[in-house]
Each structure stands twice: as structure tokens, then as C-alpha cells.
Visitor: 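To start, I am sharing the structure in question, which I have written as C-alpha cells.
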Amino acid sequence: MVKKKTQSRVPKKDDVTETEGNASTDSTIAIEDGSILDYITDRPVPETDKERVRQRIARALFHEYGVSVDDMLPDFKLRIDGRLKKLDLVIFEPGAPKDAEHVRRVVVCEKEPTNSRKSAYKMRSPEEAEKEFSLLKAAMVEAPHCKYGLWTNGLDFFFFEKEVTRFDVKFKSLGDWPQADETIGTRDVGSLAKMRRAEPEMLRTAFRRCHNFIHGNEGMSKDAAFWQFLYLIFCKMYDERQSSDHRRFWAGPTEQFEEVGRREIKKRITALFEDVKKKYKAIFTGKEEISLSDRALSFMVSELAKYDFGRSDVDAKGAAYQEIVGTNLRGDRGQYFTPRGAIKLMVKMLDPKPDERVLDPACGTGGFLVATVAHILAKYKADMPSEGEETADSLVAGNYVREFVEANLFSADFDPALVRATTMNLMMAAGSKGNVFHMDSLTFPAGHLDGLKEATEKIPLGSIDVLMTNPPFGSDIPITDPAILGKYEIARKPQKHEGGIPPEGYQSAVAPEVLFIQRGIEWLRPGGRMGIVLPDGILGNPGDEYIRRWILRNCWVLASIDLPVETFIVEANVNILTSLLFLKKKTREEIQAGDLGRKVDYPVFMAVAEKVGFDRRGVPLYERTPDGEEILKEYTDTERIRIGGKLVVRTLHRKKKILDDDLPKIAEAYREFRQKHPEPGA
């Protein structure tokens, strides 16, 4: 029996402090509510909708373009038409005085369009938005050596290059800005070296821009737009694995604005997609087509081609992908896609190792799988010294992760659309389609779906080390087939009292999450670990006591974490109270010993998460002082970039707010708990 339950609400801020990246806890300061730290100056400024856009651009200029913050200034005043006008962000010649003579680039920002996150936003062409550019173009004219300009509202991005002729000043539209060394990142002038690692927020924006262009400008349904977007993502990932001289997923700086250029892009991508379909016959039927207009296709290729997905952060890609997936593949059979915070907590607590076989039998869009990839990659990078060359390090790490995914990462779902979505998510995260099986996990190893045969060979029952899942659940989608229920001991009619004689036969209907508990344990080898998302009722309702008895007989209970309702409301739009239950499969001998009355006392880790970093409306919540001011922590941003053929390492010391999120603290508390109390059982 379980003797001791080590339960706690999350440790207070004074006990455990979560930091991100290279954050340090040495210096803690506060900032007034309604303020945000300027990334360039590291000073507080009012947090407005427009300011959030400007901060996103400032971070991207440092991380993606390699521009030093020492060469940037916010709110620079320039005399235009006899009056001083304030420019949102100006970039100067490196190391030069910050005056009009040395301005090289100008950025004008506006706030993000209202409701752009709730509905498709119609992306505009430069011609359609021309009236917005008056200040930008006037500033570029007045600054004699300014060559590039950008106007953005956080979703529309319009890049310009100034061309001065003998009689006139013209502005040429570009698909993107050049890097800090002002080499345009295109195939024509060494684009392969200029693909860049994506800054997380900018990658999410790029994905939204692409999806909005199809849905808002092409008139496609959200579902059709989603699959067109995924086809291009798959093309992009496939193309990155080709040799340099065979890559086709690229766009010249002005191609998307010229009819001839658009046709050339379509020609390249159409041929590329045909090769993709031939390579991945298990995913594509061969009848799929990229049906986008030349304008939409060229826009999306130009948007995605600038990023090197292989070098971009796995979490960043997963978050960007999930934002698009979550609005298009909502399940109608109790499939509530798991919020990223809960996913990360489960992965950290289960701590899968590179040599362990990991399975999600109800994978949805692959959130647990991608988080596992990120976890394995982080462990690898922590243990391996850097070679000093970012590209070389990324290639080695990428091969390591790919080998893990192909050998030890498995998943399944009965929805073919979700199987494809997970496969593409893995392809983007790890450069491998992995092992995603189209089958019904509750009927396994029986069934008729096309992934069953391969799954039977690769993941027989009793072969998995770590299983994590968020199964479909709900009493409104019960399993009623006697042929399925008859295979589950947990589906038998429950005895009324412990030690009593159980009635004969099986229940007429059982919620799917109950069966998934047993199926998950059956999939584990003895000693294997499982994490599962469950509705709170299973762990507390008197009528579900028989389920808890079955669990205690067959498993060691490692941990139970209560999640607040906000967890699923914001990210999955579901008002439901859930818990994360962590189990370890007992050996046959351990079960028999328990049946004979030889009980073992052991402590169980329990925690209640009260905050997950946002409220019910999705508004971020930050840690605060007793006086109510938001707390800032120091951290270090490091970026390795190549300028003029020379590798430059830039280090930036900044401060940022800390999300008031209990989940990372629970993971750390569990790690400390396990150092004192090793897992029970063999």
C-alpha cells in the first residue's frame, strides 16, 4: 500500500525560482505594472500594442540579422519637411556616430491588427498598403546613406531598398532584408550560407502570415489552407537535406513581386513536391497537388526559405506549428490537444533517455514526441562540447536526434489526418518522419487500419520503456463494443467492496481514458514508466475506486499533479479539470507479492499547480514582488553570426519578466524528490 504521500502546493518563489536559457538569479529588480523592458536600451518603456511589435523586431534584428544593439536606436528623431519626426527604430553604420549621416536602415512600426489572432487576416501587397509608407519613405530620402527600410504592423512586413538615380529616388520592394553585412540572402549570391536560425516569435509570425495568406487571400477553407501549408513545410524540410546544388526551395529578393519570378518559383516547387511524394509514399497518395496561385505560392516560399529549420530551435518550431495545427485539427471525439506547458512537465518528469523506447499511443499532432526530441537534444548539447562552428554543431546534433527518432520514438493515432500532421511535425522537428502508425491503440494488436502490421513488428506489447499520452476522454464517447471491452480486465464489472467477490461479466460502456490506462501499462516492459493526462474524476470519484485499485495492484504510483482549469481553457478551448498521473509498471513477482499481502510502503510525489503563466483569457501572468511590481531577472543572449566571412560571437546581457508558472518548478521539485526517494520497485 501507499503509506506516505508527499504532497505540496508549488514551492514558494523564495524556495524555487525558474529561470530560462542562461538566466542568472544574482540580480533581481522590479518593474512597474504596464511596463516592458526595451531590448535595445534595457530600460522600461510603456507596454503598448505597438511597443510589443517593436520589441519583436528588435530581437529579430539581433538574433536573425546579426545587427548589434550598439548600432540601433529606438525613437530616433530625424528632420523631415522641416519638422523633427520620431522614427521607431533606426540602424546605423557599425561603430559610427548616431546621426542622420550614418543612418543605414529605418523601421516604422504600427500595432498588430485587431482580432488578427482570432480570424484570418487578409495580407496586403505593397501597392495595397502604399498609403502607410509615407513616413518611412520620407525618412529614407532625408537620411542620405539609408539604403533599406521596413514597415510592419507585426503581421504585414514590407521591405524596401532605396535606389537613387540622377533624377529621382525609387523604392524597390524586397522579400526580405539583408544580413548585418548587407549581403542579400538569396540563391544568386550565396543564399545557402545566409539561411538563418529563426527567432521563436518571428517564426510563429511567419507561419501565421503564410496560413493567413492562403485562408484570407486565396479564399480556401481553413482545412484546405492548412494542408497546402503543410505540403510546403514538407517540401522545405526535404529540400534542406539535399546537397547545396540541388536545392529548389528558395526565392530571389524580388521574384515574388514579378510575374516571371513567380512562375519560376512555382516551377521549382512543383518539381520538388513531385520528388517529395515519391520519396514518402507512405504519407502521400501521389494525388496531392499544390493548388495555390502563383502569388500565394511565391509569398510563402519567400517567407519560409529564409529560415534554416535544421538549425532552428525545436521548441520554437513546435510552438509555431502547434499554433497553426490547433486551429485546424480540433478533434470531435474527445481529442483535446495537450497544452505545451503540461507536455514539457511530463517529459521532464519522465526524463526519457536516448537508449529508451518512447511511445505515445494517442499522439494527436505529436506534441509529446516533439518535446521528447527537444529533451534528448538538450541533453546531448549539454554533454557535448561545441566545435565552435554553429553549422557543424547543428549537423552533428541533427544526425544524433534523427537516429533517436528513427530507432526509439513511436506513436499512433486512429485519425489519418492526425497521423499525417504528426509525421510532418516530426519531419520539421527532427528531419525524420519517424514511426507514426495509423491504427486504433485500444484494439491493438487486432484491427484493420494500415499501420497495424508495422506497429505489431516494431512495438509489441511489453516492449516500451517510456509511454506518455493524453488519450481521448469523456463519458459522451464511450467504448461499447463487447469485442474490445472483453480484452480489458479494467472493463469488468467492479466489485462493490475491496476483497469482495467481483460480479461476472463486463460493463456495457467504458470511457476510453480508462481503457488507455490498462493499454498503456500493457505496452510497458516491467519497470517501464508512464505519464497520462486524466480527468480528475478518475482519481477522486467514489464510483471510480475500482480503477484506482487496479492501478495500485499493477503499478507503483510515482506522482500525481493537479492542473488548474486555465491549462486547457486557453490552449485547447476546453473547460475541464485534469491531472497528470505518473506510473511505473510492476513486475509479475511484485504483483504476486502484493496479492499475498506483502505490501510495500513508499512515498508518492504530489503537487497542485495553481498558475500556468496565463489567466483564463490567455493574458500572461508574471512573478511579482509583495508590492505587486513585476520581477525582472538577468539573462544572457548569445548569437554566433558570420560577417564578411568571419565568425563573430555577440553576447548581450539583458533582463526580462519571469512567467508565473508553477509547472517548471514542479519538475524541479520532483527531481529533488527523486534524489531523496528513489523510484519504488525493480
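Keep in mind that this is a model prediction, so the values were computed, not measured.
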Visitor: Might you work through the side-chain hydrogen bond (donor to acceptor under 3.5 Å, both in side chains) test for E590 and W556, ending with a clear yes or no?
Guide: CA-CA 10 Å; E590 288 168 343; W556 304 103; 3.1 Å; yes
Visitor: What distance do R241 atom CZ and R402 atom CZ have between them, rounded to the nearest 0.5 Å?
Guide: 4.5 Å
Visitor: As a test of understanding, state which of K344, R671, K379 forms a salt bridge (charged side-chain N to carboxylate O under 4.0 Å, His left out) with D351.
Guide: K379
Visitor: Inspect the surroundings of NZ in K277 and state if more than 12 heavy atoms from other residues, nucleotides or ligands are less than 6.0 Å away.
Guide: yes
Visitor: Around atom NZ of K279, are there more than 12 heavy atoms from other residues, nucleotides or ligands closer than 6.0 Å?
Guide: no
Visitor: Taking G505's backbone N and O only, do any of them form a donor-acceptor pair with K493's side chain (distance below 3.5 Å, no angle check)?
Guide: no
Visitor: Does the distance from a Lys or Arg side-chain N to an Asp or Glu carboxylate O, for K665 and E668, drop under 4.0 Å?
Guide: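 The answer is no: the pair does not qualify as a salt bridge.
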Visitor: Can you confirm whether more than 12 heavy atoms, excluding those of Q675, are under 6.0 Å from its CD atom?
Guide: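 It does: Q675 CD has more than 12 such atoms within range.
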Visitor: Under 3.5 Å, is there a donor-acceptor pair between the side chain of Y602 and the main chain of V557?
Guide: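 Checking the backbone N and O of V557 against the side chain of Y602, a donor-acceptor pair under 3.5 Å is found.
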Visitor: P526 versus R588: any side-chain heavy-atom pair under 4.5 Å?
Guide: no
Visitor: Heavy atoms, side chains only, cut-off 4.5 Å: are Q322 and T365 in contact?
Guide: yes
Visitor: Just by modelled atom types, is the G367 backbone N or O under 3.5 Å from a matching donor or acceptor in the N425 side chain?
Guide: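 Looks like no, no N/O pair under 3.5 Å.
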Visitor: Would you mind telling me which of F226, F229, Y321 makes a ring pair (Phe, Tyr, Trp, His ring centres under 6.0 Å) with F207?
Guide: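 Only one option passes, and that is F229.
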Visitor: Can you pull out every ring pair (Phe, Tyr, Trp, His ring centres under 6.0 Å) where at least one residue sits in residues 420-449? Sequence neighbours excluded, please.
Guide: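 Found F444-W523.
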Visitor: Is the H677 ring parallel, tilted or perpendicular to the F673 ring (thresholds 30°, 60°)?
Guide: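 It falls in the tilted class, 30° to 60°.
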Visitor: In Å, rounded to the nearest 0.5 Å, how long is the span from NZ of K586 to CD1 of I521?
Guide: 11.0 Å
Visitor: Determine, step by step, whether F284 and F234 satisfy the ring pair (Phe, Tyr, Trp, His ring centres under 6.0 Å) criterion, reporting the C-alpha distance in whole Å, the side-chain angles of both residues, the deciding distance to 0.1 Å, and the verdict.
Guide: CA-CA 11 Å; F284 298 99; F234 217 87; 5.4 Å; yes
Visitor: Go through the steps for L350 and F368 under the test side-chain contact (heavy atoms from CB on, under 4.5 Å), then give the verdict.
Guide: CA-CA 11 Å; L350 288 173; F368 284 114; over 6 Å; no
Visitor: Answer whether the closest heavy-atom distance between the side chains of V358 and D465 falls below 4.5 Å.
Guide: no
Visitor: Can you measure from CG (D440) to CD1 (I484) and round to the nearest 0.5 angstrom?
Guide: 6.0 Å
Visitor: Would you give the length of the straight line joining atom CZ of F273 to atom CD of E288, rounded to the nearest 0.5 angstrom?
Guide: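 Going from CZ on F273 over to CD on E288, the span is 5.5 Å.
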